[in-house]
**Student:** 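Dropping a structure here in structure tokens format, bear with me for questions.
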Amino acid sequence: MNNSKQLRMTVYTSLFVAFIAIGAFIAIPVGPVPIVLQNMFVLLAAIILGPTWGLACVAIYLLIGLAGLPVFSGGGAGIGKLFGPTGGYLLGYLPAVFVTASISKGLGKKMSSDIIAMVIGSLIIYAAGVPWLKVVTSMTYEKALAVGMYPFLIGDILKIIAAAFIAKTLRPVIKL
Amino acid sequence: MANLTPFTYRQGQSILHLLDVRCKFFMICLVSMSMLSAHLFACFFYFLILLFFFKKSGLNFFATMTSIKYFILLLFFIFIARALTVKGDILFSFYGMTITEQGLTEGFVVAFKFFLVMLTGLVFSSTTQPSSVKSAVQWFLKPIPFVLEKRVAVMISLALGFMPIIASQAQKISDAQKARCGDLQSNPVKKIIHLVLPLLRKTFLSADSLVLAMESRCYSDDRIDPAFMSSGKEIYFLAGSVVLSLSLVCL
Amino acid sequence: MPKNIIDIKSICHTFSDGYVGIQNISVSISQGEFIILAGKNGSGKTTFLRHLNGLLLPDSGQIIVNGHDVSKHLIQTRKTVGMVFQDADTQIVGDTVFDEVAFGLENLKVKRQKINEKVSLILKDLNLFHLKNRSPFTLSGGEKRKLAIAGILVMNPELIMFDEPFSNLDHPGTIQVLSTIIDLNRSGHTIIIATHDVETIICEATRIIIMKDGRIKEDGNPLDIINRLESYGVREPCSSKLGLGIKPYG
């Protein structure tokens, strides 16, 4: 039943594409900066789908947005958004999902290894997003970090803890 | 999706609605690329053309501007940042910051170009049905080796179908929790888990039944190609956009 | 004597986690029948149905559809035996009503022109044609269920199975779907309906099969079985309780 398993992964991956797109709109009000769940779904896609399907998932998400369907944050789409000031974060999802998935898979899908994998994944997203923001807006590095990274760090830690717990509960349910 | 964005498709019968989607894709790529090296004057010229098509396809320019106000704010920010950092002839200075003439022009050009590329994408998105976007993606992926373009197309359809389901489920879950005073929960990690876990669990179960439904309907990657709708005027639009991009680059 | 569409010879199925799905089921279904498959939740109805179009394969025993072994002719079987699932929302694959109905034919690589003709015909038959450019998710419950039926019908099945076709429908929706199913049966389709609520359809049925704990407990004419329904956890229709026999729904 190899074909059936392929179809299941196809559908699950599409489901995560939808979650990443919707994640840009789901915000949980905590403190001054609301927590937006998009990057958490990218990391969850990584540790649940694995490297190959995870990468396909993010690639299709970016492709849909690039092709003009409103799936980027704020209902944006198109080249203007993907290569705009915040485009670095979006493109950073690609290496982030692959590295996160590989580390989680390599370390044996435990909660602790998931957390390590997701921390590294988040850092990759910033490593792509912040310099991009700096170049496009020609801000200084201090300023780019202050608007493009520091305000989100606490939220990221909370999201990673939640994601590790969610992955642990979800894995036996979906039997991959 | 419940939240209508300016990029959501709107029904219509204008020439842009009827144009072959592949032709529209090609035009966007061409124009957006030539925009990079275009002169400010040429950009204004293109802006007028865009406004004309805005009107033609039944979009309201001012309503659209209000709905992308955060993007415009971001552009304004870029403009300020450039104006402050680019070196050149000083126009005026205050509190140790200087604004230069070169900075002002360069900031304006960069922000305006971003604005135009964004607007082009917006006109495309609001005049093109999601299913034809999917078909076009499939068509453009076809020559690329190792990409199963038919599977990608089905995955795009599925993802677009899942989005309204997820959005309405999320609403239901959060309502059900409010009914039990869930908003008193102050632990943010628990807040996330209480929303996301039931959402994932529920949608993965529906994904399982979708797999069965697709199998029942004989799903295979070896499917028939999509059909494209053409208006017959594609050739004029293609020629027009080539002329436009040439003049954008050369002017 | 009409021909047998399905012949099932003592099939068993146990899931990988040890849960017993169905045990030792043997049954024949002939063309034109209208069968209710009743039983409470967890009695094995859904597992049984999934064997009929090869979504599950039996651990032992054999299923013959139109003279062919299901395990060796999956695509052929799925064209002959259509299945309409319980939750209409989760079976939607297409972006528009038209695309949704065309999905099955696209998989079978039917020519585009043929697809267009066939889909239009089915949509007109089911009175959905005016909705063809709408997104399936914006339809009403009854319309969605009819759309799911159209998606199956377009592949020309001889037998159509329904898993709880009336769950979560309002009254007009139920009437809509019910009359669609009755029309299908009159035009020669064999119908199997799995449900734990038989009242809506019992008037139309020619046969009731009752399942419990993965086995077939009763199989026969609705009039003979109706009084024993409640001992299997299935509610007896009001009219029958009142001694009025079987009355049409609505």
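A, B, ... follow the sequence lines: proteins, then strands. Residue 1 opens every chain.
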**Student:** Surrounding CZ of B:F115 (heavy atoms of other residues, nucleotides or ligands, distance under 6.0 Å), is the total greater than 12?
**Tutor:** yes
**Student:** Looking only at heavy atoms and a cut-off of under 4.5 Å, which of B:A170, B:G161, B:A207 has the most pairs with chain A?
**Tutor:** B:A207
**Student:** Evaluate the side-chain proximity of B:V189 to A:K159: yes if any heavy-atom separation is below 4.5 Å, no if none is.
**Tutor:** no
**Student:** Mind ranking B:I78, B:D221, B:I192 by heavy-atom pairs under 4.5 Å with chain A and telling me who comes out on top?
**Tutor:** B:I192
**Student:** Could you check if a side-chain atom of B:M163 sits within less than 4.5 angstrom of a side-chain atom of A:V71, using non-hydrogen atoms only?
**Tutor:** yes
**Student:** Under 4.5 Å between any side-chain heavy atoms of A:L69 and B:T128, yes or no?
**Tutor:** no
**Student:** Which atoms of A:I157 come close to chain B, meaning under 4.5 Å heavy atom to heavy atom: side chain ones, backbone ones, both, or neither?
**Tutor:** neither
**Student:** Does any heavy atom of chain A fall under 4.5 Å from the side chain of B:S32, the backbone, both, or neither of them?
**Tutor:** side chain
**Student:** Does any heavy atom of chain B fall under 4.5 Å from the side chain of A:L37, the backbone, both, or neither of them?
**Tutor:** side chain
**Student:** Which pair of heavy atoms, one from B:V211 and one from A:L7, lies closest together, and at what distance?
**Tutor:** O-CD2, 3.8 Å
**Student:** Compare all side-chain heavy atoms of A:P85 with those of B:F114 and state whether any distance is below 4.5 angstrom.
**Tutor:** yes
**Student:** Please examine the side chains of B:D208 and A:V11, heavy atoms only from C-beta on, and report whether any two atoms are closer than 4.5 Å.
**Tutor:** no
**Student:** Heavy-atom pairs under 4.5 Å with chain A: which of B:R151, B:M118, B:M214 has the most?
**Tutor:** B:R151
**Student:** Please report the shortest heavy-atom distance between B:F204 and A:F16, naming the atom on each side.
**Tutor:** CZ-CE1, 3.5 Å
**Student:** Mind listing the closest non-hydrogen atom pair of A:A67 and B:F124 along with its distance?
**Tutor:** O-CE2, 3.0 Å
**Student:** Side-chain contact, heavy-atom cut-off 4.5 Å: A:Y12 with B:L158?
**Tutor:** no
**Student:** In terms of heavy-atom proximity below 4.5 Å to chain B, should A:A21 be classed as side chain, backbone, both, or neither?
**Tutor:** side chain
**Student:** How about B:M155 and A:V17: do any of their side-chain heavy atoms sit closer than 4.5 Å?
**Tutor:** no
**Student:** Show the nearest heavy-atom pair for residues A:A18 and B:A159, with the distance to one decimal.
**Tutor:** CB-O, 3.5 Å
**Student:** Could you have a look at B:L205, B:L199, B:N187 and say which one has the most heavy-atom pairs with chain A under 4.5 angstrom?
**Tutor:** B:L199
**Student:** Less than 4.5 Å to any heavy atom of chain B: does that hold for the side chain of A:T10, its backbone, both, or neither?
**Tutor:** both
**Student:** Check whether A:I64 gets within reach of chain B through its side chain, its backbone, both or neither, counting any heavy atom under 4.5 Å.
**Tutor:** side chain
**Student:** Are the side chain of B:S125 and the backbone N or O of A:G68 linked by a donor-acceptor pair below 3.5 Å?
**Tutor:** yes
**Student:** Between A:I166 and chain B, with a heavy-atom cut-off of 4.5 Å, which part of the residue counts as in contact: side chain, backbone, both or neither?
**Tutor:** both
**Student:** State, yes or no, whether a side-chain contact exists between A:F19 and B:V196 at a heavy-atom distance under 4.5 Å.
**Tutor:** no
